[in-house]
Structure formats: structure tokens, C-alpha cells
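The structure appears below as C-alpha cells.
As a basis for the values below, the full set of heavy atoms in this structure was taken, side chains included, without hydrogen atoms, waters or symmetry mates. Throughout, protein chains are lettered first and strands after them, A, B, ... in sequence-line order, and every chain is numbered starting at 1.
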Amino acid sequence: MSYEAERKELSDAMVGCKVPAIQAAVNKAHDNGMPATEIINAMSAGMTEVGTLFERGRLFLPHVLSAAAGMKSAMDILGPELAANSEAASSRGTVVMGTVEGDVHDIGKSICSTMLQCAGFDVHDLGRDVPSQNFIDEVKGGCNYCGMSALMTTTMVVMKDIIETMKAEGIRDKVVVMVGGAPVTQAYCDKIGADIYGESASETTEKAKARA
Amino acid sequence: MTEYITRMGDGRTVTMTREQIYEDAMAGMADGADAAQVPSLSDEDIEQIVDIICNKNRIVAVERGHEVILTEDGGPHKFMLDSGSCCNGVEMGRIDVMETIERGIGFDTFELTTTDYSIKPVKPIVGPEMTAMQQAAMRLTVPCLYGAMPNMGLYYSPDGAHLNPADLMREFRIEEAQQNAEAAAEQLTRDIVYVSESMMSAGADGFNFDNTASAGDAEFVATLRGVEQLRKDYPGAYITMGMAAENVLGIHGEIEYDGQIVAGLYPNDQVKLCEKAGANIFGAVVNTNTSRSFAWNVARAATIVKDCVKNSNIPVHANMGMGVCGVPMLETPPIDCVTRASKIMAEVACVDGI
Amino acid sequence: MFVAHYMASGMGGLRTSGDLVARMQFTKKMRLNEAKEYVAKKLGVTTFEMSDEQIMRELREELRIGVVTGVPKAPRGISAKMNIEDLLGIKMNSCEFFRSLINKR
């Protein structure tokens, strides 16, 4: 079965950002026999749309979080079936996120953390003004994605130092390095040897998903 | 086919044909019209933009008689600081810089700022800042404002007393996040009134609120309320409100000013609230997408700003520093793009100033 | 950046009449063309001439409203601004503040 109707209903419910409606759509799809992994995939597509609408100013952070809460409750409903399918149950990866040392801007980074969480990543958000060593420690501790944010031209240079430290410590190849923030560009990402540049939270999430 | 040298939004040089530039300009315009829900530019406007981009000269300029006003934000510190990769690092006094800009570079207004350039850090040094303001007011001939960012992020932990709404939201503590944003906004409004009125009492011609709403919708409301009070107490104050981004980030999501939810507003609606609060000049922002071409970005910016200018009752000055209104995101913005964006904003978007 | 914008589209501030037009945008919330027309009328020039350095350099000195070059005895700063107040028929906070500081009015 293609479950087109269920897929649309799930996606619409996510964009509607109301937890009870999301739960109802999940239950209905589940009752109709739609596999748990397909339900989650349909909801992820809806979540991507939510992220885009947030960036366009059509939805606001509480809406994004309501959609995320709906996603979380779906995971609870579908837990047993997902657990039986170990591939689907496992997270896409573990991400350490933070705004680099010396920089206190964290709104964009926090939104990106939320989007990654909703996309199925296990996120360790270290906050802002994060000592560089903490990123290194998290990667050594098992994080296979490292997301760094900077909002100032004066602090974005820290990203390069962290990547150099990763190389020196022999852990650079174990991690996908993601960079973002207002002054950061694809050219800068290439220059410092990062793997992913995200123009926005949703773009970063899509690129991270593609590497998972 | 003839290729023209142009750039991407991150400043990289690329070559494109006129047709490619036209297509990108059309796509940028369509995206801007959709994002801000504003009308598209006319065919003549698009042709004019493409002509300006395809001009073979390194720099371009408006026709004589089409000049616009240049206001400034960031103040003397852009010249003085040498912090990593930005600013010029010239070791000189603030008022010396201001006179240099006034007499050597021909700006129409200027402002005094302090290093942190935020409302909160000015509070503990308000006395010396008032003294400096008094001196600047005596020495400058052009309108001399005091400038600072509302920067509500400084009111959240670990720098401030309130919990960070973005962190609370991630833990699904939505109501608590909104309450903290509201409490921080109240504190910010009090500080805005204190700092701005202190500067007015020391001879400032006015106050520039730069990068407004950087922490989202609650910061925008806090600043509007502060401006309202400043206007009430100083009816003659020159007040500029420049925005942080093209739309107001909905971190709170429900906070209102004058009965209107401010989250998600674009320049054409932001300007109405700024005018209502008492601002004299509105600083419109359109973000540069660094992965798109200059043509895409500048046409998108012109689309959004043109409608804002058309629907405004107060002068609109386009923010045209690095990474906004078509200017590439680079610490040393290339003058070929800066001059082209400047001309496009003046002659296509018809701004009152830059 | 400053220079690029000035070269491309700036009125010229003290070199011409940009500071005066800016004051009308602030004081009366005048849009660009209205502010230019108001100031041009007060200066007795056209809106084209008001951005002309050759015309404005002499006129500013004559009207004692501040010039960019060092002219002995020519007003600058607060003294020039008080003359601008009279020329444009406006009050400025900086001038009001200065008046509040002196004992002899």
C-alpha cells in the first residue's frame, strides 16, 4: 500500500503544530497498518516544512516546539514497533552543538539543535560561549557530528582552531563538522575544512540527514 | 555569448551571461515577493537592475540629482576596533573618528557609540558616555546621535537574570519561556528609556536603535515601548530604528504591540509599528543568501524594500552593510557590488536613505 | 564601505547639503524629495544644485553653516548648528542643550 492519504494527513498535522491532531493522525495511520518507519518519515517531511515556514516568519518557535512535541509523542506511541526494527529505532547520529567560545549568540544554534533533534539525531547542546576543549571532549566521547555556530567575524575564527585541534588529536575523520552563523559562508566552510555549511537551520538539518 | 563579471552572496567572483543574470534576478524577486507577501517589481525595474549589474565599469553611481541621505550605524568603533577579523584598528579618539567621517567621507549623520554597542553595558558607564556625548554635540555639525543595540540576549542567563527562552523551549517549557521573554523585555524597556534619555539630556540630537529584534519578537516589542516613552519625553528626538533581520523571529510567538502580534512581520509591516511608536527613520533589512548570486540577492532585496518604502509614512533607509540588502557577506565588501546595490536601492527601490 | 556608498549615492553631508536634508527627515519625518525641496527653497538653490560641491561650498561659507575645509573664523560644530536652526526654522536638541549650559542667553 502507498498510504498517500495517511502520509498527507501526517504532514499536514505536523504543519498544523497541534499535538492532539498529530497524535490522532499517528494513531489513524498506525491503525490503518502504515509501518512505523514510514509514519516517522512522513512526519520528518512535515517537520522540514515546519522549519522552512519558521524561517519565512509564517510559524514561530512555540509552533516548532509543538510539532516537535507531537513527534516525540509519536515516538512513544510507535516505540514497541520501532524497537522491533533496530535500524529504525537507532538515532541518525549523535551531534554536539554549541556557539564557539567568546560568542554569546545562540538563537540560531538553538533552533538548529531543535531541528536536528526532530530529525532523529541525539543532540548534546552545550549552549553558548563553549570552551573549545568541550567540543573535542564530546567528539572523543562518541559524537559523530560537531555543529559550531558563530555570529561574529571575530569569533568564527575559533571554528578553524577546533578543526585543527581535531586533526592534531587524530579525530577529524571520525566526525562530520558543520558550521553556521551570520558571517559564515560556504567559502569559509571550504577554507577551514569543515564538511557542512548551513545557510539556515533547516538546510543544515537536511545536509546532516543526507550524510547520516 | 558575452559574459559579465559579478559575484555570489559570499563575495566570490563568478561570470554570468545577461540571460543568467536576468533569470537570477527574476528568481530573487519571486522569492522576495513570496517571503514578504509583496508585489513583484515591474519589468522596467528588473531590466534596470540587470543593466546596472551588467555595467562593465568597476563602480557605478546614481545619476546626478538622485543622491540619497547616508546615515550610519556602528559609530566610530568600526574604525577604531581591531578585533580579530573586523574593523580597521586605527588607534584614535572617538570624536576624532566622527570628525573624520563628517569632513572626510561626507556622511550626512553620525553617531557616538561605545565598544559593547549594547544598551545594557552603557548603563554602568552612562556618566562618562554623557560627557563624551556633550563633547561630540559641540564639535560635530552633522546630526549627531547616540547609538546602541537593544541586544536582549544580554538579559538572559548566563549574562542576565532571566532564563533563556530558546533553551526552555527545547525542553518544551513553552509558557515559562514566554514569561521569561516578557520579563526580560520589561527590563530592557526600562534600560532603553534610562540610557536614551540620559543621552538626550547630554545634547544628543537623537538615538539610533540598531539591530533591533536580534533576540526576536519580545525584543522588538521592548524597543517599540522604549521608543514610545522616549518620544513622549523628548518630542524633538531624532529616532532611528534599524532592524536585525528581514523578518521578526517568533521566539515568543504571541507577544503584541498595539494589539498586533509582531512575530513574522516583514519590513512593510515593521515600519508601521516603528512609526506608531515614534521613530523618525526606519532601517529596513533584507538578509543576503550567501549561496545565491548578487543578482538574486539584490533583486530580492529591492522587491521587499520597494514595497516598504511605498507604504511608509516615514523615511526608509536601507541597511547596506555586509550581508544585507544585496551586499555580499564579507568583512571587506567588494565595491563593485556595494556601489551597484547602493544605486539599485536608490533608483529602483527608491529609498530615502542608506 | 563608507566611501563606496558615498561615491555611489551619497548626498555629501557637509560637503554639500546632506546634513540639512537629513535634519528635515528627522525633524519633520519628511520623505527624501520633500526634504530636498524644503532645504533647496531655504538655500535658494534647485534640488539639483544642492548636491553640487562647487555651488554648496561657497553658499555654506556665506550662510555660516559649516564647511569641511579649514576656513579661519568660519563657524563649525555648535555655532554652525545654531545658524542651521535659523536657516531651516527648526530647533535642535544639541543647541537647546548648549543654550541651557550658558548663563547669558
Q: Please say whether more than 12 non-hydrogen atoms of neighbouring residues, nucleotides or ligands are located less than 6.0 Å from CZ in R64(C).
A: no
Q. Would you call R60(C) and D19(C) a salt bridge, using N to O less than 4.0 angstrom?
A. yes
Q. Is there any residue in residues 38-58 of chain C with a non-hydrogen atom under 4.5 Å from a non-hydrogen atom of chain B, and which ones are they?
A. F48(C), S51(C), D52(C)
Q | Of all pairs that satisfy ring-ring contact (aromatic ring centres under 6.0 Å, His included), the ones with a partner from residues 12-32 of chain C, not counting sequence neighbours | A | Y238(B)-F26(C)
Q: Look at atom CE of M7(C) and say whether more than 12 heavy atoms of other residues, nucleotides or ligands are closer to it than 6.0 Å.
A: no
Q: Could you list all the side-chain hydrogen bond (donor to acceptor under 3.5 Å, both in side chains) pairs where at least one residue sits in residues 99-109 of chain B, not counting sequence neighbours?
A: E99(B)-R139(B)
(Q) Taking side chain as everything from C-beta outward and backbone as N, CA, C, O, which of these in L20(C) sits under 4.5 Å from a heavy atom of chain B? Side chain, backbone, both or neither. (A) neither
Q | Max heavy-atom pair count under 4.5 Å with chain C, selected residue of A202(B), P334(B), G65(B), G353(B) | A | A202(B)
**Q.** T339(B) and its side-chain contact (heavy atoms from CB on, under 4.5 Å) partner, picked from N55(B), I59(B), N57(B)
**A.** I59(B)
(Q) My understanding is that only residues two or more places apart in sequence, or in another chain, count here; which of them pass side-chain contact (heavy atoms from CB on, under 4.5 Å) with D73(B)? (A) K78(B), E111(B), Y117(B), N208(B), D210(B), N319(B)
Q) In terms of side-chain geometry, is the basic nitrogen of D336(B) or R58(B) positioned less than 4.0 Å from the acidic oxygen of its partner? A) no
Q: Pick whichever of V62(B), D205(B), I101(B) has the most heavy-atom pairs under 4.5 Å with chain C.
A: D205(B)
(Q) Less than 4.5 Å to any heavy atom of chain C: does that hold for the side chain of P143(B), its backbone, both, or neither? (A) both
Q: Would you mind telling me which of K91(C), M92(C), E96(C), K36(C) has the largest number of heavy-atom pairs within less than 4.5 Å of chain B?
A: K36(C)
Q. Is it the side chain or the backbone of V60(B) that comes within 4.5 Å of chain C heavy atoms, both, or neither?
A. backbone
